Amino acid sequence: MELAAKYNPSEVERKWYQYWDEKGFFQSDPDEREPYVIVIPPPNVTGVLHMGHMLNNTLQDVLIRRARLKGFNALWVPGTDHASIATEAKVVRKLKDEGIEKSDLTREEFLKHAWDWTHKHGGIILKQLRYLGASCDWRRTKFTLDDDMYESVIKVFVDLYNKGKIYRGYRMVNWDPEARTTVSDEEVIYEDEDGKLYYINYPIAGHQGEYIQIATTRPETILGDTAIAVSPENEKYAHLIGKKAIVPIAGREIPIIADDYVDPEFGTGALKITPAHDPNDKEIGDRHGLEIIDIFNEDGTLNEHGLHYQGQDRFEVRKSITEELRQKGFLVKEEPHRHRVGRSERTKAVIEPRLSRQWFLKMKELAEPAIRAVREGEVKLIPKKFENTYFHWMENVRDWNISRQLWWGHRIPAYYYGDGEEDFVVAETPEQALELARQKSGNPGLRLEDLRQDEDVLDTWFSSWLWPITVFDGIRHPENPDFKYYYPTNDLVTAPEILFFWVARMIMAGYEFAGDKPFENVYLTGIVRDKLGRKMSKSLGNSPDPIKLIEQYGADAVRTGMLLTSPAGNDLPFDEQLVVQGRNFANKIWNGFRLVKSWKVDGDDQPDYAREAVRWYRNRFQHVLHQIEDDFAKYRISEALKKIYSLIWDDYSSWFLEMIKPPYGQPVDRKTYEQTLEILENNLKVLHPFMPFITEEIWQHIRPRRDDEALIVARYPEPAPYDKTLVEQAEQVKEIISNIRKIRKEKQIAPKEPLDLTAVINEAFDEALWSLVRKAANVKDIRTGGEAPANSASFRVGKNEFFVPLDAFINPEEEKAKLEEELKYLEGFLASVRKKLSNERFVQNAPAAVVDKERKKEADALEKIALLRKRLEAFGK
RNA sequence: GGGCUCUUAGCUCAGUUGGUUCAGAGCGCUGCCUUGACAGGGCAGAGGUCGGCGGUUCGAACCCGCCAGAGCCCACCA
């Protein structure tokens with residue numbers, strides 16, 4: 001078969017992906033083998049693939065493919081997340097573009113739009129993953145809003161409610177007035193922004209002409225003031241405590257109270273208290289039993305408490321009320337003030353702290369087994385440095401606000417039957433709710449129509465924290481064979497920024513609902529950044545399109561490029577150059593294969609050099625294989641790839657192939673050819689997890705294969721004992737060859753011209769390896785044991801000396817200078833060793849093995865020095 | 001403000017319980033080579049007082065302290 005001179009990835013990749021998929025090689029079902037399982041971190045259902053996904057999913061695919069090759073029953077479960085806030089925002093925007101407001105639609109109508117959108121755009125990302133080579137079992141694709149998933153989420157909610165872990169409470173939450181929903185603390189981004197500090201006089205009631213001055217950044221909230229607080233230590237205001245102040249414009253009287261929270265040094269030392277609109281004020285309000293006046297509507301405009309400002313936006317009111325305060329003489333001054341402002345991660349709107357009735361999940365008890373699991377190593381975070389952060393967060397965990405004022409998601413299964421605070425029940429179905437409601441209300445006449453289900457949905461993470469369980473239907477049917485076989489899973493690969501949103505909560509859910517950890521190892525990737533170190537983002541436009549990269553360079557190249565330099569937990573500064581390197585590597589492999597395939601195969605006599613090259617490479621392969629196994633055991637995946645890269649590029653291509661290459665135009669013997677193919681097959685096996693496509697392509701070209709005999713399901717090479725000495729001596733052979741090449745270069749002797757070599761052997765050397773020197777350095781005759789020939793260039797490797805006799809003129813001064821330089825180095829080395837050895841405290845304190853090593857170094861150096869001296873004598877003087 | 005992590009070659013990173021003259025790799029850079037797999041190749045080379053200062057030790061890139069710089073997490077003084 002004719003092989004193209006250049007490797008063409010796009011055709012090859014499509015072909016093999018389809019083949020693997022059709023043959024069912026990605027599929028897994030329980031059997032007697034040991035399972036190896038990864039669940040995908042489900043991407044947003046309407047998302048598109050970005051570089052972060054690429055890194056993440058490449059790592060997962062490497063782990064899965066390797067496990068598959070190693071004989072595990074490997075399963076990678078794919079799926080998507082409904083991502084309530086993000087998806088709902090997209091649908092709302094799209095409807096808006098069509099002139100439809102969400103508020104004009106019923107819940108059912110809106111959900112229909114959302115589902116249409118999901119069906120249209122959903123799963124694009126999963127298709128894109130196929131281009132990357134992701135070997136997921138696509139039959140098992142899950143979506144967090146699938147019926148069974150939905151049911152599981154509701155079941156869990158009801159369960160937690162019945163256990164008393166879910167409660168309803170009023171709480172200061174982060175309100176996004178644009179999305180008209182609460183957002184979690186984690187979804188609020190604080191940044192320093194320029195604002196103003198307004199100094200305002202509040203008249204003291206009953207004391208004409210007396211004022212207390214406060215400083216605030218939010219003058220519009222004075223309409224919600226219900227107190228003024230000062231520090232109890234503050235003598236300046238001591239006489240006012242207990243008196244009343246009058247809120248400007250509103251004209252209400254409010255108490256002046258003392259509270260430790262107030263910093264007497266900041267502003268005026270007096271703080272206006274607006275419990276409805278500031279978390280700290282809320283706490284102070286609770287302590288002093290203050291009234292709560294909420295002045296805002298859901299969209300950030302003022303309500304009836306805003307008096308004549310009713311209906312205006314909070315930021316407009318800030319301007320106009322400042323003006324009114326100025327005109328009426330309450331405003332003393334304004335100062336520029338830089339302070340932290342919280343904005344919604346999604347809409348960028350300034351967050352409004354707001355009291356709202358929400359559902360909460362008590363976290364403290366849930367966190368305990370999850371803390372223990374990581375502390376005791378039952379679940380390992382990789383790299384370990386994230387454990388500190390994990391513990392810090394978990395030990396200070398706060399209750400989780402699980403309700404969201406959205407429609408797209410799992411609707412909270414609470415049903416109200418009256419207007420009282422407690423007139424509700426929680427149940428999996430309306431029918432069960434009715435039953436409960438009849439009991440609780442004592443009214444057997446209640447009908448389904450009398451029940452109103454809570455309007456809110458659950459936080460997205462409240463479904464994804466169950467992901468490793470629900471993908472196997474482990475909530476509804478804990479005894480089902482899939483769940484029993486696959487759970488707990490093995491590795492999770494995800495980004496550190498969702499360690500708390502997701503990973504920590506999955507660990508909690510695992511112990512709470514499955515009685516076991518959800519996974520054993522959590523591999524945390526870094527963030528993919530651009531060359532300038534900026535996070536890749538759509539708005540910056542600095543993120544390459546992964547699909548274009550794949551089209552241009554091939555998926556193998558992109559995978560390799562991303563993994564070459566991304567140790568766990570480290571950010572990956574992405575540079576297209578890395579992908580180029582990956583592509584070059586693919587081409588190198590391809591051409592190495594072309595070379596082998598171009599040889600005519602004939603004859604049964606294996607030359608010595610070929611026999612020795614095979615012997616060496618097999619041992620060298622084992623040597624590297626052991627290192628790779630160790631790297632994988634420690635999840636040093638980049639390191640493993642680099643070692644394979646070097647094994648194939650340097651050891652295999654540059655050395656092995658050059659060594660066995662038959663003389664030009666001549667055939668290679670059958671044995672060497674067969675052994676080379678076998679060696680190549682082993683190379684392909686270890687490389688396959690990283691570069692699945694090109695390895696499969698070459699694998700299939702090597703020899704005819706049965707239909708089910710693909711590389712993807714081949715058997716990984718077993719680590720076996722190997723000859724360490726041989727591997728080391730081969731390194732010396734490489735050094736000898738390099739030295740001869742260097743001499744050729746210096747003396748301008750063409751590689752074609754054969755040379756002779758005289759070796760003076762002072763330490764053991766495997767004579768069989770001479771054949772390699774002959775072949776690779778084009779040496780005709782090797783004499784050993786004799787004396788150093790005159791007029792020759794020399795070099796030393798270890799304690800052995802080598803001489804290349806030359807017809808050309810050898811400058812004795814140059815040779816001498818070279819020897820003297822080597823001698824100087826060795827003498828320096830010897831001096832440093834002796835300095836150590838002559839230090840009594842070293843000899844006394846250092847471990848015996850270290851001292852022995854130093855003595856051996858001393859002896860070796862002495863020997864080498866003696867040799868050099870002898871050579872120098874030969875030059876006279 | 002509190003906590004955590006990091007700082008090694010131009011860039012990205014190794015350096016695995018302190019012990020070879022230990023200062024490494026890849027990429028990039030420089031020079032040379034190249035009609036027989038691959039110019040997307042080969043060979044050779046340059047480059048760092050291991051952030052700074054001090055300490056512990058016979059011995060420190062590695063352990064300890066302080067300082068400087070970078071990043072992450074948490075809390076958010078109106």
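Keep in mind it's a predicted model, so treat the numbers as computed, not measured. Per chain, numbering begins at 1; letters A, B, ... match sequence-line order.
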> Is there a side-chain contact between A:Arg636 and the phosphate of B:G15, meaning an N or O under 4.0 Å from OP1 or OP2?
yes
> Please determine whether a side-chain nitrogen or oxygen atom of A:Trp649 lies at a distance below 4.0 Å from atom OP1 or OP2 of B:G42.
yes
> Tell me the partner of B:A14, counting only Watson-Crick (N1-N3 plus N6-O4 or O6-N4) or G-U wobble (N1-O2 and O6-N3) with both under 3.5 Å; none if nothing fits.
none
> Would you mind telling me which of B:C27, B:G41, B:G31 lies closest to the side-chain atoms of A:Lys745?
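Nearest nucleotide to the side chain: B:G31.
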> Please give, in whole Å, the distance from B:G3 P to A:Leu499 CG?
20 Å
> Roughly, in whole Å, what's the span from CD in A:Glu497 to P in B:U5?
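Atom CD in A:Glu497 sits about 20 Å away from atom P in B:U5.
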> Please state how far atom OH in A:Tyr645 lies from atom P in B:C13, giving the value in whole angstrom units.
18 Å
> Please tell me which of the listed nucleotides, B:G36, B:G19, B:U21, lies nearest to the side chain of A:Lys853?
B:G19
> Counting side-chain heavy atoms from C-beta on, which of B:U21, B:C27, B:C77 comes nearest to A:Tyr825?
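Closest nucleotide to the A:Tyr825 side chain: B:U21.
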> Of the options B:C58, B:C76, B:A78, whose atoms approach the side-chain atoms of A:Thr217 most closely?
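Nearest to the side chain of A:Thr217 among the choices is B:A78.
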> Return the value, rounded to whole Å, for the distance between atom NZ of A:Lys857 and atom P of B:C22.
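Taking atom P of B:C22 as the reference, NZ of A:Lys857 is at 8 Å.
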> What is the distance from CG of A:Asp860 to C1' of B:U20, rounded to the nearest Å?
10 Å
> Need one value for A:Trp599: base, sugar-phosphate or nothing, where a base atom within 4.0 Å counts as base even if backbone is also close, heavy atoms only.
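No contact.
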> Less than 4.0 angstrom between a side-chain N/O of A:Gln577 and OP1 or OP2 of B:G28, yes or no?
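Yes, within the criterion.
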> Determine the contact category for A:Glu639: base if any of its heavy atoms lies under 4.0 Å from a base atom, sugar-phosphate if only primed atoms, P, OP1 or OP2 are that close, otherwise nothing.
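Sugar-phosphate, backbone atoms only, no base.
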> Considering only atom C1', compute the distance from B:U12 to B:U34 and round it to an integer number of Å.
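So the two C1' atoms sit 31 Å from each other.
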> Base, sugar-phosphate, or nothing for A:Glu658, non-hydrogen atoms under 4.0 angstrom?
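It contacts base atoms.
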> With P as the reference atom in both, quote the distance from B:C64 to B:G45 in angstrom, rounded to an integer.
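Straight-line distance between the two P atoms is 38 Å.
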> Has A:Arg398 got a side-chain N or O lying under 4.0 Å from the OP1 or OP2 atom of B:A75?
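The answer is yes; a side-chain N or O of A:Arg398 sits under 4.0 Å from OP1 or OP2.
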> Let me know the distance between CG of A:Leu578 and P of B:G28, rounded to the nearest Å.
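Whole-Å distance recorded here is 10 Å.
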> Okay, side chain of A:Ser832, backbone of A:Phe829: is any donor-acceptor separation there less than 3.5 Å?
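Yes.
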> Any luck finding a side-chain donor-acceptor pair between A:Asn683 and A:Tyr652 under 3.5 Å?
no
> Both A:Asp630 and A:Ser738 contact RNA chain B. Taking the nearest nucleotide for each, which residue is further toward the 5' end?
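Upstream on the strand: A:Asp630.
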> For A:Val833 and for A:Tyr664, find the nucleotide of RNA chain B with the closest heavy atom, then tell me which residue's nucleotide is more 5'.
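Comparing both residues, the 5'-ward one is A:Val833.
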> Given 3.5 Å as the limit, does a donor-acceptor pair link the side chain of A:Thr268 with the main chain of A:Gln213, or not?
yes
> Measure from CG on A:Asn396 to P on B:C4 and round the result to the nearest Å.
13 Å
> Classify the glycosidic conformation of B:G47 as syn or anti, calling it syn when the angle lies within 90° of 0.
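Syn conformation for B:G47.
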> Nearest whole Å is fine: how far is B:C4 P from A:Lys384 NZ?
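Distance, rounded to whole Å: 16 Å.
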> OP1, OP2 of B:C77 versus side-chain N and O of A:Asn280: anything below 4.0 Å?
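Indeed not, no polar side-chain atom of A:Asn280 lies that close.
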> How far, in whole Å, is B:G10 from B:C6 if one measures between their P atoms?
23 Å
> Please name the nucleotide paired to B:G45 by Watson-Crick or G-U wobble geometry with both distances under 3.5 Å, or report none.
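Answer to the pairing question: B:C29, which forms a Watson-Crick or G-U pair with B:G45.
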> More than 12 heavy atoms of other residues, nucleotides or ligands under 6.0 Å from NZ of A:Lys857: is that the case?
yes
> If you only use heavy atoms from C-beta on, which nucleotide in B:C76, B:U20, B:G2 is closest to the side chain of A:His392?
B:G2
> In terms of ring plane angle, is the pair A:Phe632 and A:Phe690 parallel, tilted or perpendicular, where the classes change at 30° and 60°?
tilted
> Go through B:C76, B:U5, B:G36 for me and flag the one nearest to the A:Lys385 side chain.
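So the side chain of A:Lys385 is nearest to B:U5.
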> Any side-chain donor-acceptor pair under 3.5 Å between A:Ser646 and A:Asp650?
yes
> To the nearest 0.5 angstrom, please state how far the CG atom of A:Asp278 sits from the OG1 atom of A:Thr216.
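Reported value, rounded in 0.5 Å steps: 9.0 Å.
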> Of A:Val579, A:Leu549, A:Val558, which meets side chain to side chain contact (heavy atoms under 4.5 Å, CB included) against A:Pro544?
A:Leu549
> May I ask you to say whether A:Glu821 pairs ionically with A:Lys818, meaning some side-chain N is under 4.0 Å from a carboxylate O?
no
> If I pick the P atom on B:G71 and the same atom on B:C66, what distance separates them, to the nearest angstrom?
22 Å
> Kindly point out which of B:C77, B:G41, B:U12 is positioned nearest to the side chain of A:Asn584?
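Selected nucleotide (nearest to the side chain): B:G41.
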> Suppose you measure atom C1' in B:G55 against the same atom in B:C43; what distance do you get, rounded to whole Å?
48 Å
> Have a look at A:Phe593 and say if it touches a base, only the backbone sugar-phosphate, or nothing, with a 4.0 Å heavy-atom cut-off.
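Since no nucleic acid heavy atom lies under 4.0 Å of A:Phe593, the category is nothing.
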> Give one of base, sugar-phosphate or nothing for A:Val851, where a contact means two heavy atoms less than 4.0 Å apart.
nothing
> Can you tell me the pairing partner of B:U57 across any strand shown, Watson-Crick or G-U wobble, with both distances under 3.5 angstrom?
none
> As a test of reading the structure: which of B:U12, B:C77, B:U5 is closest to the side chain of A:Tyr261, going by heavy atoms?
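The answer is B:C77, which lies nearest to the side chain.
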> Ignoring hydrogens and angles, are the base of B:C38 and the side chain of A:Lys588 linked by a donor-acceptor pair under 3.5 Å?
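Looking at the base of B:C38, it does pair with a donor or acceptor on the side chain of A:Lys588 (distance under 3.5 Å).
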> For A:Thr216, answer base if it contacts any base atom (sugar-phosphate contacts may also be present), sugar-phosphate if it contacts only those atoms, and nothing otherwise; contact means non-hydrogen atoms under 4.0 Å.
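It contacts sugar-phosphate atoms only.
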> Tell me which nucleotide, if any, is Watson-Crick or G-U wobble paired with B:A75 when both distances must be under 3.5 Å.
none
> Which whole number of Å gives the distance between the C1' atom of B:G31 and that of B:A14?
28 Å
> Once you apply the 3.5 Å cut-off to both distances, tell me the Watson-Crick or G-U wobble partner of B:A68, or none.
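Answer to the pairing question: B:U7, which forms a Watson-Crick or G-U pair with B:A68.
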> Which of these nucleotides, B:C58, B:C43, B:A75, is closest to any side-chain atom of A:Arg741?
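Minimum distance to the A:Arg741 side chain belongs to B:C43.
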> Give me the distance, rounded to whole Å, that separates B:G51 from B:A9 when you measure between the P atoms they each carry.
8 Å
> C1' atom, B:C62 versus B:U56: distance in rounded Å?
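Rounded to whole Å, the distance is 14 Å.
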> Please pick, from B:G26, B:A37, B:C13, the nucleotide with the shortest atom-to-atom distance to any side-chain atom of A:Lys642.
B:C13
